[in-house]
Amino acid sequence: MAKSATTRTGSTHGSRLPEEIFVWEILVRLPHRDLIRCRAASARDLLLEHHRRQPPLPLINRRGTPSACGRRWFNVAALDPHQQLQPVARLDGSHVCVKASCDGLLLLTEGLRGTPFGMRASICNPATRQIAHLPQLKGYVAVGLYRHRPTGEYRLLLRCGVFRPRRTMFVFELDRHQLPLMRVECLPDASRYKLSPSAPVLLNGNLHWTWHPPALPHQTETKNILVFDTMAESFHQIYSPLVHRADLFEMDGVLGMYSWDNGMTVVRIWAMEDYESHVWSFKYSVELPVPEVPPIEERRSLMVVYQEGCVRLLVACGGLLLCVDTQGKLLASSRDDGHSLSISKQFLKQSLVSHTFFSTLQDDTIPPWHFI
């Protein structure tokens, strides 16, 4: 595994430091901006190991005030474990959002006015600054991005607009990018449920969403989580505590869930202790610090994350970003004047691994967004 990477480093460093240590203990720990300058950065095994070591960082949307010409830039930043915003990308588009993420890839979408389901979409890798337009997705809404392990291909899970049956979804293969799309049948009563707009959680090879069925009297739990098996490419449900306004997160290989009250002042957190038996345990009830947290009408977004062995709560509102622990203590706060902040509920693990679909997907008739 080390041979293909070490042979590219030359012997300059090997005179004092064994190449095995130089490559697999030093290079893999470099920030991606430094590693890309090295000659060894084209070795795929090195890049895969470098990507594996990257922490998943929550993405924060930064929308600036309109410029003199009326344009509004879209900025994406990642929140590092030290609660500092690190710039990821700045795009020359308005009304853009990060719709899905996987292995360093981001799916960007922008709604177009004047059409019922107008959406232009692009796939990009911020680390390599590659971006390609996806005209095939017009009329569809992306709900997930995943790597199909049997083939190694990256695929998008899509649904149509409300004018078509909701229980049918579609799979788009980025490496083949050909129509028609592969159809995937959802659950028979899917039209009765409301799927969460938040990003799915990838765990145990499955994508997980909260979705909300009609509540029945005296229920204490229900099949509240929709699961998509990314290998078999099929759907099923699992049980969760009966809560409303809930989202999911990963907590050190364990599926977690959090919900909030009407005023978004108290957040409750659960963890799935047994994935096969769907056994949940209640972990925390967190009261957000009232003096530090702005009134509810100003709050924009809330997210629970797991960083460096600890559960943290993030709150973004206006230009303010807060980090709170499970005791309700304010750990960090920052203000980004001139920008409106919102939590995208997507994560980014930086990757320098190249993908051939960026060149094959390029469509010159409709230019994609450009990095600035």
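Nothing here was measured: the structure is a model prediction, and the numbers come from that model.
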Short side-chain to backbone donor-acceptor contact, [X] and [Y], under 3.5 Å:
| X | Y | value |
| --- | --- | --- |
| S351 | G104 | no |
| S277 | D274 | no |
| S344 | I60 | no |
| R29 | E25 | yes |
| Q346 | K99 | yes |
| S259 | R245 | no |
| H50 | L30 | yes |
| H208 | L202 | no |

Aromatic plane relationship, [Y] with [X] - under 30° parallel, 30 to 60° tilted, over 60° perpendicular:
| X | Y | result |
| --- | --- | --- |
| Y154 | F357 | perpendicular |
| W260 | Y258 | tilted |
| H278 | Y239 | tilted |

Problem - Side-chain donor-acceptor contact under 3.5 Å, S198 with D247 - result: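 The answer is yes; a qualifying pair exists.
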
Under 4.5 Å between any side-chain heavy atoms of [X] and [Y], yes or no?
| X | Y | value |
| --- | --- | --- |
| V353 | R44 | yes |
| L255 | V201 | yes |
| F347 | L59 | no |
| L302 | L314 | no |
| W209 | V143 | yes |
| L158 | V171 | no |
| S101 | L348 | no |
| K283 | T326 | no |

Exercise for the section: Please report the C-alpha distance between L108 and C124 in whole Å, then the side-chain angles of each, then the deciding distance to 0.1 Å, and finally whether the side chain to side chain contact (heavy atoms under 4.5 Å, CB included) criterion is met. Expected result: CA-CA 8 Å; L108 307 174; C124 78; 3.9 Å; yes

Would you name the heavy atoms of [X] and [Y] that are closest together and state the gap between them?
| X | Y | answer |
| --- | --- | --- |
| V254 | A271 | CG1-CB, 4.2 Å |
| L137 | A121 | CD1-CB, 4.0 Å |
| L57 | D80 | CD2-CA, 3.9 Å |

Practice task
Just grab all the side chain to side chain donor-acceptor pair (under 3.5 Å) pairs involving residues 303-322, residues at least two apart or on different chains.
Solution key: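 As it turns out, the side chain to side chain donor-acceptor pair (under 3.5 Å) pairs with a partner in residues 303-322, which skip direct neighbours, are Q83-Q307.
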
Out of curiosity, [X] [atom1] to [Y] [atom2], how far, rounded to the nearest 0.5 Å?
| X | Y | atom1 | atom2 | answer |
| --- | --- | --- | --- | --- |
| D45 | W24 | CG | CH2 | 4.0 Å |
| M257 | S240 | CE | OG | 4.5 Å |
| F282 | I269 | CZ | CD1 | 8.0 Å |

Are [X] and [Y] within salt-bridge range, i.e. N to O under 4.0 Å?
| X | Y | result |
| --- | --- | --- |
| K349 | D103 | no |
| R176 | E153 | yes |
| R183 | E233 | no |

Exercise for the section: Identify whether M169 and M182 are in the same connected component of the hydrophobic contact network (ILVMFWY, side-chain heavy atoms under 4.5 Å). Expected result: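 Linked within one cluster.
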
Handout entry: Transitive ILVMFWY side-chain link L331 to V315, under 4.5 Å
Key =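 No, it is not one cluster - the side chains of L331 and V315 are not joined through contacts under 4.5 Å.
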
Handout entry: Counterpart residues, side-chain hydrogen bond (donor to acceptor under 3.5 Å, both in side chains), relative to R53 (two or more places apart)
Key =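 side-chain hydrogen bond (donor to acceptor under 3.5 Å, both in side chains) check on R53 returns E49.
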
Problem - Results of side-chain hydrogen bond (donor to acceptor under 3.5 Å, both in side chains) for N206 - residues two or more places apart only - result: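 Testing N206 for side-chain hydrogen bond (donor to acceptor under 3.5 Å, both in side chains), a comparison that skips the adjacent residues, returns Y275.
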
Problem - Worked check of side chain to side chain contact (heavy atoms under 4.5 Å, CB included) between L134 and L107 - result: CA-CA 10 Å; L134 300 171; L107 178 71; 3.7 Å; yes

Exercise for the section: Could you check L321 against L79 for side chain to side chain contact (heavy atoms under 4.5 Å, CB included), going step by step and ending with a plain yes or no? Expected result: CA-CA 10 Å; L321 182 63; L79 188 67; 3.8 Å; yes

Problem - R268, CZ atom: more than 12 neighbouring heavy atoms under 6.0 Å - result: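 Result for CZ/R268: open.
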
Handout entry: Residues H51, L352; criterion side chain to side chain contact (heavy atoms under 4.5 Å, CB included); working and verdict
Key = CA-CA 7 Å; H51 167 66; L352 294 171; over 6 Å; no

Practice task
May I ask you to check whether F228 and Y146 place their ring centers less than 6.0 Å from one another?
Solution key: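 Yes, the ring centres sit under 6.0 Å apart.
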
